[in-house]
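Both counts, for ligands and for their atoms, begin at 1 and track the order of listing.
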Amino acid sequence: MLKLKNVHTYYGNIHALKGIDLEVGEGEIISLIGANGAGKSTTLMTTCGIVPAKQGSIEFKGQDITHMRPDDIVKLGICQVPEGRRIFPLLTVAENLDMGAFLRNDKDKIKEDFDYVYSLFPILEDRKNQVGGTLSGGEQQMLAISRALMSRPKVLLLDEPSLGLAPIIVKQIFSIIKKINADQKTTIFIVEQNANLALKAANRGYVMETGAITITDTGENLLVNEDIKKAYLGI
Ligand code: ATP
């Protein structure tokens, strides 16, 4: 569904991605793990056109999207939940969700999707008239995921969904991510420092070090790989 081939990205003269090859198949959950500064977020931002690739190609369902504008990429069905959530702090929960459906005209289906995200995260329904900025970190992450779902994405890109959250909330969020994948057949690409949960949730995983992919395998195999255990799982 999504294919990155030999992708190179620069910030000025910092060579952040050094020839990334990566594939995300339809209906899969793929996790990209790696240390701070490895280039995980840059991989996501390059995929959605926010930081342009200088070399290489990115395909979505066979279409070359390498030089497409970010808003056109969103229209194709690729939606990112950015690191740090970035919800609209002065809008209510319901208004944030409405913003996620901004590009849609199908009112009946939008109503269904409100019901769906409220069924995933009942706390958001309880808080629907509360402004986003006053939600807890976990609730904001739930809202950011839900807002992305309101665009009915074909691929959901999640940047560090666990960042700054209590372990119990992180577990809940990962279990909902798996549910979204199962319920809606949404393809999911997760970038995450919490390697344990990210690999447990994933069909396949990629490991990234200083701008390059160093290992790829099934989530299951990576979890028992001795090098991964030492470097990323603290075992
Ligand atoms: P983290 O888990 O800490 O978010 P990451 O794996 O997502 O790290 P990136 O944020 O993609 O890593 O950063 C990759 C490299 O690019 C790092 O060396 C970083 O300092 C650099 N970088 C990222 N954003 C910028 C920027 N806007 N300007 C200059 N350099 C940047």
Side-chain angles (χ1 to χ4, degrees), residues 2-24 29-58 65-71 73-74 78-87 137-138 140-141 144-145 148 155-167 169-171 173-174 177 188-202 204-217 219 222-223 225 227-235:
L2 200 56
K3 202 179 270 186
L4 280 70
K5 279 192 220 156
N6 191 31
V7 171
H8 290 258
T9 301
Y10 292 80
Y11 296 104
N13 52 20
I14 296 171
H15 194 175
L17 300 187
K18 301 171 185 159
I20 299 291
D21 289 302
L22 187 151
E23 283 186 34
V24 183
I29 300 183
I30 298 295
S31 290
L32 175 63
I33 63 164
N36 267 329
K40 304 182 300 299
S41 297
T42 305
T43 303
L44 276 199
M45 288 196 287
T46 300
T47 303
C48 41
I50 297 167
V51 182
K54 192 156 187 191
Q55 197 187 317
S57 67
I58 304 170
I65 61 164
T66 320
H67 303 294
M68 216 178 244
R69 286 166 29 159
D71 52 328
I73 292 177
V74 172
I78 300 177
C79 189
Q80 190 190 168
V81 180
E83 185 175 321
R85 280 81 79 169
R86 308 220 197 120
I87 53 139
Q140 289 191 16
Q141 185 61 51
I145 293 172
V155 183
L156 192 58
L157 309 176
L158 297 165
D159 196 349
E160 300 266 5
S162 78
L163 194 76
L165 304 182
I169 304 288
V170 173
K171 267 196 166 166
I173 284 180
F174 269 88
I177 289 170
I188 296 183
F189 183 28
I190 309 172
V191 156
E192 186 50 78
Q193 280 199 48
N194 186 328
N196 185 34
L197 276 175
L199 293 177
K200 274 188 183 150
R204 293 186 301 112
Y206 289 85
V207 182
M208 194 167 191
E209 281 171 40
T210 55
I213 302 287
T214 50
I215 309 177
T216 176
D217 207 333
L222 289 172
L223 280 167
N225 176 307
D227 294 335
I228 305 294
K229 276 163 76 176
K230 268 187 225 136
Y232 300 103
L233 302 172
I235 303 174

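Contact annotation: for Met208 versus ligand 1, there are no heavy atoms closer than 4.0 Å.
Looking only at heavy atoms of the protein, atom 15 (C) of ligand 1 is closest to Gly37 O, 3.8 Å. Closest to atom 23 (C) of ligand 1, if we only count protein heavy atoms, is Tyr11 CE1, 3.4 Å. Counting only heavy atoms of the protein, atom 2 (O) of ligand 1 lies nearest to Lys40 NZ, 2.9 Å. Nearest non-hydrogen protein atom to atom 3 (O) of ligand 1 is Asn36 OD1, 2.7 Å.
Ligand 1 has at least one atom lying under 4.0 Å from a heavy atom of Glu160.
For ligand 1, the atoms sitting less than 4.0 Å from at least one non-hydrogen atom of Thr42 are 9 (P), 11 (O), 13 (O), 14 (C), numbered in the order shown with element in parentheses. Within ligand 1, counting atoms from 1 as listed, the ones closer than 4.0 Å to a heavy atom of Ser41 are 4 (O), 5 (P), 7 (O), 10 (O), 11 (O). Every atom of ligand 1 is numbered from 1 in the order shown, and the set under 4.0 Å from a heavy atom of Ala16 is 16 (O). Which parts of ligand 1 touch Ala38 is read off a 4.0 Å heavy-atom cut-off, strictly below it: atoms 5 (P), 6 (O), 12 (O). Below 4.0 Å from some heavy atom of Ile14 lie the following atoms of ligand 1, by number and element: 30 (N).
Considering all non-hydrogen atoms of both residues, Thr47 and Ile73 come closest at O-CD1, 3.9 Å. Contact between Phe174 and Pro161 at its shortest, heavy atoms only, is CZ-CG, 4.2 Å.
To the nearest 0.5 angstrom, Ile30 atom CD1 is 12.0 Å from Leu157 atom CG. Between Ile145 atom CD1 and Ile87 atom CD1 the span is 12.5 Å, to the nearest 0.5 Å.
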* Asked: Going through the checks in order, is the side-chain contact (heavy atoms from CB on, under 4.5 Å) test met by Met208 and Val191?
  -> CA-CA 10 Å; Met208 194 167 191; Val191 156; over 6 Å; no

* Asked: Going through the distances and angles, do Gln141 and Val81 end up as a side-chain contact (heavy atoms from CB on, under 4.5 Å)?
  -> CA-CA 9 Å; Gln141 185 61 51; Val81 180; 3.8 Å; yes

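Considering Ala35, Gly211, Gly39 only, the shortest heavy-atom separation from atom 12 (O) of ligand 1 involves Gly39.
Using modelled atom types, one finds no donor on one side chain facing an acceptor on the other under 3.5 Å when comparing Thr42 with Thr9.
There is a protein heavy atom closer than 4.0 angstrom to atom 25 (C) of ligand 1. Within the 4.0 angstrom cut-off, atom 5 (P) of ligand 1 has one or more protein heavy-atom neighbours.
Under the side chain to side chain contact (heavy atoms under 4.5 Å, CB included) rule, Tyr206 has a single partner from Ile215, Thr43, Asp21, Thr216, which is Thr216.
Residues Gln80 and Asp159 meet the side-chain proximity criterion, which asks for heavy atoms closer than 4.5 Å.
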